[in-house]
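Residue numbers begin at 1 in each chain, while the letters A, B, ... track the order of the sequences.
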Amino acid sequence: MRPLVIRGGRMIDPTQRVDARVDLLLVDGRVAEMGQDLAAPDEAEMLDVSGCVVAPGLIDVHVHLREPGFEHKETIASGARAAAAGGFTAVVAMPNTDPPIDNPAAVGFVRAAGERAGFARVYPAGTITVGQAGERISEIGELVGAGAVTVTDDGRPVVNSGLMRSALEYCQTFDLPVSVHAEDLHLSRGGSMNEGVVSTRLGLTGIPNAAEDTMIARDLLLAELTGGRLHIQHVSTRRGVEMIRAAKERGVRVTAEATPHHLALTDVAVESYRTDAKMNPPLRGEADRDAVREGVRDGTLDVIATDHAPHHYDEKEQAFEDAPFGIVGLETALGVVLSELVHTGMLDLPTLVQRMSCGPARALGLPGGTLAPGAPADVTVFDPEQTWKVDPTRFTSLSRNTPFRGRRLRGRALRTIVGGRTVWQREAP
Amino acid sequence: MNSVAAPALGKDLLALEDLSPVQITSILDTAEPFKEISERRIKKVPVLRGKTIVNAFFENSTRTRISFEFAEKRLSADTVNISSTGSSVLKGETLVDTARNLEAMRIDMVVMRHGASGAAQFLAERIASSVINAGDGKHEHPTQGLLDLLTIRDHMGRIDGVRVCIVGDVLHSRVARSNIWGLRKLGAEVAVCGPRTLLPRDVETLDVRVFTRIEAAIEWADVLNVLRLQMERMTGGLVPSSREYNRVFGVTQARLNRAPRDVLVLHPGPMNRGVEIDSDVADGPHAVILHQVTNGVAVRMAVLYLLAGGAPELAEAAKRGADA
């Protein structure tokens, strides 16, 4: 592999407090050097990216790649390629597949399939409990040995508080964060959207904020009790943000995510029974959306993650209550966050890079998230100004279930570099 | 059918929320001349001759299905019934495939009852035929709302300014939602009354008063629309028992006797006598429940006629056999 010089761009690397016109030299899969007007080795490939942002590769810690078991929705290869097309150099694959990723062989399968695909890096998440059944703790040491970067029963919260306590304690041996989908299933039972005036009008059973808030409260208390590392997925409520903020002030070891859709949309998007706006946790009200935005701005929510949840089109082509939860997000995330938060003046570009690259790397202890010399040569080059229209038929993902269909976005990835190798680049328009 | 005037309705009747006050009034006015057909010795006019209508009931229903069928037959439409038992829906066919198959048979209208909120709109967006929502989940039941409006108008002489309280399981009720929209649009004051477990969140934002005591509701109201209490609400933990429900929320003669004025009592049926309504009320002078049933056929005739392109002002002539 030839060395690569990326020059002329605006390099933003919050880990080094860099936001300037700096060139970058990548050699042998690592960042070799950075500086103004770098002298390039003779054999180096030169890449001029003036007008673009050069950032440490974006990392999405919450994606569903559906393999094994649901390959008609997505595969590890198609998902890793969609990630690269969205500017992500690494993703964490959720374990709620069929069979679930609850043993070291399954972890190894996901990792190997990701490596074979050769797009974004694919880090497996393992399950907290065997078969995600919520009864017995998985052999977490074995999972970590095989390459799992977190454990989670995503989509199926651990109901038993005693078991959750044990997981948070046991994982400390491996300094492993436990990732949680916070939902009290008794409170959310039968619900298909946010509980509020829209659900009342549409005659759909609602999911109250309290279904999420009570579990966030429980898990924060258990993290405080045990000293374990907790990562709270897709926070959608105002109280959730407030409780996490307060817990961090008390020194609880917690990190948390927000999704682009919870940052951009409210439950009004469900009007007319749009199944592409059906996900769990559901789109909430305006006060919640604003609180989640503020949480991302002030760092209470460390990470923006997509919860990329592909479904085949005919699974979404159903009456609202019958359609599955989940939307795709990998190929719209950067554009949505730029359009909704950065170009509106709510968030500056370094903070975006922090939440989509450095923050995720730190939350789950992943390599990358920095362009310091010696770091993996994972780089995302994006044009924050390029406007484009979301056309799901052009997605790389196998699925098209997005509420952003037809929306004009400002900003998109142009080149995704993993380990010094360009794994994806946008064709000139 | 061709008409000179602009069509009173669009392609479908999905929800009263979608209709303007003028459209709702137009349906009620169109129902007036159709009432008389059911009183004749020969109850048939050729208004929908040659039209094919499918009654697709994916949820159990007796009175709504029969009411639609009478309306269709009395207007001379050709009808086919699909019910969930024995239909391909149980064999795993999706709603979208059912819709496409119906479409391929070149039908004119579908009357659909379905357990999922939004199912009628889902169908309407995918087929060119007219869709009439005969109840979709917990969303709306627009023809029930219309027949309730017609019944209230018949007895009160107006709807504007009338105080109507919907009593009972508003949370799970499509009848309640259609009533709220229809009544509000025609200027009635609307309230709901029931245990908070059976009232939807933020229902006040629909410009609706909330009573948690039935006594207060009866004191306020001109009209009570009493909803059926489904037995599964007890097992779901929303109401402790039907006995307690009757004690706390039942519409009883004793409670009506304390009302400051005569209260009109409606019930969409089927009734649980002794639960949400006592027999002496159901069979007494306040109740107009059977009148609702009679009006149901006339309102459904009006809806079928208007969706087929009929003009409201020509309904009288159409009824006499003129090809409108």
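Contact count versus chain B (heavy atoms, under 4.5 Å) is highest, among Asp322(A), Asp314(A), Thr205(A), for Thr205(A).
Aromatic pair His139(B)/Tyr273(A): ring centres closer than 6.0 Å.
For a residue to count as touching a neighbouring chain, one of its non-hydrogen atoms must lie under 4.5 Å from one of that chain's; by this rule Glu140(B) does not touch chain A. Neither the backbone nor the side chain of Glu204(B) comes within contact range of chain A; no heavy atom of the residue lies under 4.5 Å from a heavy atom of that chain. When heavy atoms are compared at a cutoff of 4.5 Å, Gln318(A) approaches chain B solely by way of its backbone atoms N, CA, C and O. Heavy atoms of Ser272(A) lying under 4.5 Å from chain B belong to its backbone as well as its side chain.
Within the 4.5 Å cutoff, the side chain of Ile166(B) has no heavy atoms near those of the Val208(B) side chain. Contact check for Met112(B) versus Phe58(B): side-chain heavy atoms found under the 4.5 Å cut-off. Using a 4.5 Å cut-off on side-chain heavy atoms (C-beta onward), Ser117(B) and Lys138(B) make contact.
Both tests hold for Arg300(B) against Phe68(B): distance to the six-membered ring centre under 6.0 Å, angle to the ring axis within 45°. A cation-pi arrangement is absent between Arg213(B) and Phe211(B) under the rule of less than 6.0 angstrom and at most 45 degrees off the ring axis.
A donor-acceptor pair shorter than 3.5 Å can be found between the side chains of His64(A) and Asn96(A).
Along residues 173-188 of chain B, the residues that come nearer than 4.5 angstrom to chain A, judged on non-hydrogen atoms, are Arg177(B), Trp181(B) in order of number.
When all heavy atoms are compared, the tightest approach of Thr97(A) to Arg66(A) is CG2-C, 4.0 Å.
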